[in-house]
Each structure stands twice: as C-alpha cells, then as structure tokens.
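Accompanying notes for the structure given below.
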Amino acid sequence: MRWVDHSREEWVRGDVHTQTIESVWSLFKRSIVGSYHHLSVKPSSGLLDEMECRYNNRENPYLFRDTILKLVEK
C-alpha cells in the first residue's frame, strides 16, 4: 500500500495523491442528495456496491448497454 504523508505537507507522491478519494466521496455525496436524499445510520451494502460499480465504470460510454446485456443473460 502506498500513501502520502499529510503531516509533512505532502499531497502527491508519484501517482499517489488525495484527489482520488476526494472524487469518490464527492460522487457518493452527490448521489445521496440527488437520488436517495438521505441514508439510515446503517447504509446497505447494496448501496455501497452500486457506488463502487458506478465509480469503477464512470468512463464507460456503454455502461447502460453493458448493464442491460448482463441482466438479459441471467
């Protein structure tokens, strides 16, 4: 595992930086406000799985098509 040391005012070390996690949290918060409006104290693992899938496929222009095809195959 690689990390940056904020106590030394380090924000980037090679290709390791804090922007990725900030981007993940930003997308997560926007999805709550835009789609779900609020969460219970114990968020479901399904919601977290959905957010993970959305983040990992955020640059896939065929995500909707791929998802429908996977649903039809089952």
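One-based numbering along the sequence shown.
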- Distance from L63 atom CG to R58 atom CZ, nearest 0.5 Å?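 Here the rounded value is 12.0 Å.
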- Message: So, using side chain to side chain donor-acceptor pair (under 3.5 Å) as the criterion, who are the partners of N57 when residues are at least two apart?
- Response: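 Testing N57 for side chain to side chain donor-acceptor pair (under 3.5 Å), a comparison that skips the adjacent residues, returns none.
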- Excluding sequence neighbours, so at least two apart, what forms side chain to side chain donor-acceptor pair (under 3.5 Å) with E52?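 Applying side chain to side chain donor-acceptor pair (under 3.5 Å) to E52 gives none.
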- Is it true that F64 and V72 fall in one hydrophobic cluster, defined by side-chain heavy atoms closer than 4.5 Å?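 Both belong to a single hydrophobic cluster.
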- By side-chain contact (heavy atoms from CB on, under 4.5 Å), which residues pair with Y62, not counting sequence neighbours?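 Partners of Y62 by the side-chain contact (heavy atoms from CB on, under 4.5 Å) criterion, ordered by chain and then number, come out as N60, R65, D66.
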